[in-house]
Each structure stands twice: as structure tokens, then as C-alpha cells.
> 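I'd like to ask some things about the structure below.
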Amino acid sequence: MATAAFTTEPTDPETREEILSLVKQFTDEQIIPNAEHYDSTDTWPEPIVEGLKELGLFGVTLPEEYGGLGLDLQTYARIAEELARGWISVPGIVNTHFIGAYLLMKFGTDEQKQKYLPQMATGELRAAFSLSEPHCGSDVQAIKTSAKLQDDGRYEINGQKLWVTNGLMSGLVFVLVVTDPDASPKYKGMTCFICEKEPGV
Ligand SMILES: Cc1cc2nc3c(=O)[nH]c(=O)nc-3n(C[C@H](O)[C@H](O)[C@H](O)COP(=O)(O)OP(=O)(O)OC[C@H]3O[C@@H](n4cnc5c(N)ncnc54)[C@H](O)[C@@H]3O)c2cc1C
């Protein structure tokens, strides 16, 4: 059964302002002075990602039991807004990771949560989400990439995906595929696979 993806308990305003002021300082001191360099040279902003990790920003909405900050969605949205003030690419790194964490929290098994969420909360393991294909993006029901169960019990995924934000540097990709082409409605025949990969490959 699906569970809550993040706390419904509002974060107290003092805690929210405290973290926002740290993020504001980080944006002013670490992002704004370096954004043009990273953007114009198309360089992965490793020191910025390390700073995001130190601030705990890969686990803002994850429960404390998994090592997250356990803050509410409004706080998360304000943090993303503040990071975007510095450079729009930075919240992209955090947001696609958030989509993966959201899916795990809402639909993952206990085993999957225990395995991935603690490393995701620290940012040691970062996630990407892969839905779009060359012929579709917002028309999700048109995806063609499929997964078929093999004789050895594993699934083989075949198809073409693109526009995967954070894809290269992630260690985990949540890939949406068709597992039952005859299902009606179509979304009932779709599965999101958790694919592990080497960051940078
Ligand atoms: C910066 C960026 C990052 C991205 N990151 C990811 C990612 O991490 N993972 C991923 O899977 N994808 C990612 N994408 C892809 C993105 O999700 C798709 O491009 C998006 O969903 C749009 O789909 P599309 O390209 O098929 O365009 P279309 O859906 O074909 O849209 C084209 C135009 O048609 C309009 N349109 C579409 N449907 C309708 C409708 N029913 N009625 C009226 N008008 C309509 C749209 O408004 C748009 O103007 C990213 C895209 C960008 C720009």
C-alpha cells in the first residue's frame, strides 16, 4: 500500500528560516560567484554538490529515521527557489534526486527503503528519473521502452530514453517502462525500475 512521501507536519517557521538563511548564504558565497564558470565550460560543479551534501539538502524531506532532515514540502520548495536564484542547474541536481526519493517513500518496499534511503539522504547516492523518450515527454502513456522477464528471473530493458537530468553523475536511475503493453488503462502496465549505475558512466 502507498505511504506518505514526506511529512504532512508543517515545519516550524523558526527551523524553516534557519535553514533558508544557510541556503541563502551558500547561494551567495558558493553558487553565484562560480555559476558562470561551470555553465560556460559545461563542468560538473563538484564543490557545489559537496556543499549541498554538507547542508543535508539531498535529504530535506526524507524522515529522520533514514538520516534526512524531515522537513515539509514548503521548506523544500523554498530551498529549491533559493538555489535557483543562484543558478537554475543546481536545483535540477536536487529535484531529480527528490523525485527518486519520493517514489521510494511512496511506493518502495521496506527492503528498498532500508537499502537506498540512508545513502540518498546524505547525497552519497544520488538519483535521476528517466521517463522521456525521443517521441514523447508529457504524453507519458506513449512511452515505448519495455522490460521483459527473462528465463533467469531478471528483467531486460530495451528502448531509448533522453533528457535525463543528473543522469550521468547519478548512481541510481528510476526508469519508467512498459511491462504489460495490453494493460488498460495503460499506466497499469507501467513499472518504474530502480537501476544502479556507476556515477560518471
Ligand atoms: C531542463 C529539462 C530537464 C529535463 N529533465 C528530464 C528528466 O530528468 N527526466 C525526463 O524523463 N525528462 C526530462 N525532461 C524532458 C521533459 O520532461 C519533456 O521534454 C517534457 O515532458 C515535454 O515533453 P515533450 O518534449 O514530448 O514535449 P510535448 O509534450 O510534445 O510538448 C510540446 C508542446 O506541446 C504542448 N502540449 C503537450 N501536450 C499538450 C496537450 N495535451 N494539450 C495542449 N498542448 C500540449 C506543450 O505545452 C508544448 O508546448 C527535461 C526537459 C528539460 C527542458
Side-chain angles (χ1 to χ4, degrees), residues 5-6 27 31-32 34-46 48-49 52-53 57-62 73 76-108 112 116-117 119-121 123-148 155-181 183-201:
F6 36 75
T27 300
I31 301 181
I32 291 176
N34 298 306
E36 195 176 335
H37 160 71
Y38 290 121
D39 206 33
S40 62
T41 56
D42 200 16
T43 307
W44 174 251
E46 190 67 40
I48 292 179
V49 175
L52 297 172
K53 282 190 200 170
L57 300 190
F58 288 100
V60 173
T61 58
L62 286 174
L73 198 56
Y76 177 74
R78 300 260 318 264
I79 289 171
E81 186 180 37
E82 183 54 33
L83 294 172
R85 179 175 68 83
W87 181 26
I88 190 65
S89 293
V90 178
I93 296 170
V94 181
N95 282 337
T96 47
H97 178 84
F98 169 82
I99 295 173
Y102 176 98
L103 290 171
L104 265 177
M105 278 300 297
K106 204 163 167 66
F107 303 109
Q112 289 168 337
Y116 296 118
L117 290 178
Q119 292 178 76
M120 288 177 74
E124 185 192 334
L125 181 64
R126 291 189 307 278
F129 176 61
S130 179
L131 177 162
S132 298
E133 299 186 0
H135 63 285
C136 75
S138 55
D139 185 9
V140 178
Q141 301 202 30
I143 63 166
K144 292 179 184 161
T145 298
S146 64
K148 285 209 175 82
Y155 278 87
E156 186 178 281
I157 297 177
N158 279 302
Q160 198 181 356
K161 295 285 188 184
L162 81 178
W163 312 131
V164 186
T165 301
N166 220 16
L168 182 63
M169 300 308 284
S170 62
L172 214 54
V173 185
F174 291 77
V175 187
L176 190 71
V177 304
V178 176
T179 37
D180 178 3
S184 177
K186 284 191 173 185
Y187 71 83
K188 291 207 164 168
M190 290 181 190
T191 303
C192 194
F193 280 79
I194 305 170
C195 302
E196 294 179 9
K197 65 179 272 290
E198 275 303 311
V201 178

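Whatever order the structure lists them in is the order used to number ligands and atoms, beginning at 1.
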> Between Glu133 and Thr145 (side chain of the first, backbone of the second, donor and acceptor by atom type, cut-off under 3.5 Å), is there such a pair?
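Side chain of Glu133 to backbone of Thr145: a pair is present.
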
> Just to confirm, does any protein heavy atom lie below 4.0 Å from atom 18 (C) of ligand 1?
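Yes, there is one.
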
> Once you round to the nearest 0.5 Å, how far does CG of Leu117 lie from CG of Leu104?
5.0 Å

> Specify whether the nearest protein heavy atom to atom 43 (C) of ligand 1 is under 4.0 angstrom away.
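No, there is no protein heavy atom closer to it than 4.0 Å.
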
> Is the shortest distance from atom 35 (C) of ligand 1 to a protein heavy atom below 4.0 Å?
no

> Determine if the distance from atom 8 (O) of ligand 1 to the closest protein heavy atom is below 4.0 Å.
yes

> Count the heavy atoms belonging to other residues, nucleotides or ligands that lie under 6.0 Å from OH of Tyr102, then report whether that count exceeds 12.
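No, because the 6.0 Å sphere around OH of Tyr102 holds 12 heavy atoms or fewer from other groups.
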
> Spell out, as yes or no, whether a donor-acceptor pair under 3.5 Å connects the side chain of His97 to the backbone of Asn166.
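Checking the backbone N and O of Asn166 against the side chain of His97, no donor-acceptor pair under 3.5 Å is found.
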
> Assess whether side-chain contact (heavy atoms from CB on, under 4.5 Å) is satisfied between Ile143 and Lys161, documenting all intermediate values.
CA-CA 9 Å; Ile143 63 166; Lys161 295 285 188 184; 4.2 Å; yes

> Can you check atom 21 (O) of ligand 1: any protein non-hydrogen atom closer than 4.0 Å?
yes

> Which atoms of ligand 1 sit under 4.0 Å from any heavy atom of Thr96?
8 (O)

> Tell me the protein heavy atom at minimum distance from atom 51 (C) of ligand 1, and give that distance in Å.
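Heavy-atom neighbour on the protein nearest atom 51 (C) of ligand 1: Trp163 CB, 4.5 Å.
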
> Looking only at heavy atoms, which two atoms of Lys197 and Met169 are closest? And how far apart?
NZ-N, 4.4 Å

> Considering the heavy atoms of Cys136, write down every atom of ligand 1 situated less than 4.0 Å from one of them.
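Those of ligand 1 that fall under 4.0 Å from Cys136 are 26 (O).
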
> I'd like to check atom 47 (O) of ligand 1 in this structure: does the protein have a heavy atom lying under 4.0 Å from it?
no

> Tell me whether Lys148 contacts the main-chain N or O of Asn158 through its side chain, where contact means a donor paired with an acceptor under 3.5 Å.
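Not at all, since once roles are kept as given, no pair shorter than 3.5 Å links the two residues.
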
> Please name the pair of heavy atoms, one in Leu172 and one in Leu125, separated by the smallest distance, quoted to 0.1 Å.
CD2-CD2, 3.7 Å

> Considering only heavy atoms of Thr165, which atoms of ligand 1 have at least one such atom less than 4.0 Å away?
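The atoms of ligand 1 under 4.0 Å from a heavy atom of Thr165 are 3 (C), 4 (C), 5 (N), 6 (C), 7 (C), 8 (O).
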
> For atom 4 (C) of ligand 1, is the nearest protein heavy atom closer than 4.0 Å?
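Protein heavy atom within 4.0 Å of atom 4 (C) of ligand 1: present.
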
> Quick one: pull up OG1 in Thr41 and CD in Glu36 and give me the separation to the nearest 0.5 Å.
10.0 Å

> Ser132 versus ligand 1: do any nitrogen or oxygen atoms come within less than 3.5 Å of each other?
yes

> Report the C-alpha distance between Thr61 and Phe98 in whole Å, list the side-chain angles of each, state the deciding distance to 0.1 Å, and finish with yes or no for side-chain contact (heavy atoms from CB on, under 4.5 Å).
CA-CA 8 Å; Thr61 58; Phe98 169 82; 3.4 Å; yes

> In ligand 1, which numbered atoms sit nearer than 4.0 Å to a non-hydrogen atom of Phe129?
7 (C), 8 (O), 9 (N), 10 (C), 11 (O)

> Does the protein place a non-hydrogen atom closer than 4.0 angstrom to atom 53 (C) of ligand 1?
no

> Examine the proximity of ligand 1 to Leu131 and report which part, side chain or backbone, both or neither, has a heavy atom under 4.0 Å away.
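Under 4.0 Å from ligand 1, Leu131 contributes backbone and side-chain atoms.
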
> Between the main-chain N or O of Ala35 and the side-chain N or O of Asp39, is there a donor-acceptor pair closer than 3.5 Å?
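Not confirmed, Asp39 side chain does not pair with Ala35 backbone.
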
> Tell me: protein heavy atom nearest atom 30 (O) of ligand 1, and distance?
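The answer is Ser138 OG, 4.8 Å.
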
> Just jot down the ligand 1 atoms closer than 4.0 angstrom to any heavy atom of Gly137, in number order.
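Counting atoms of ligand 1 from 1, those under 4.0 Å from Gly137 are 21 (O), 23 (O), 24 (P), 26 (O).
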
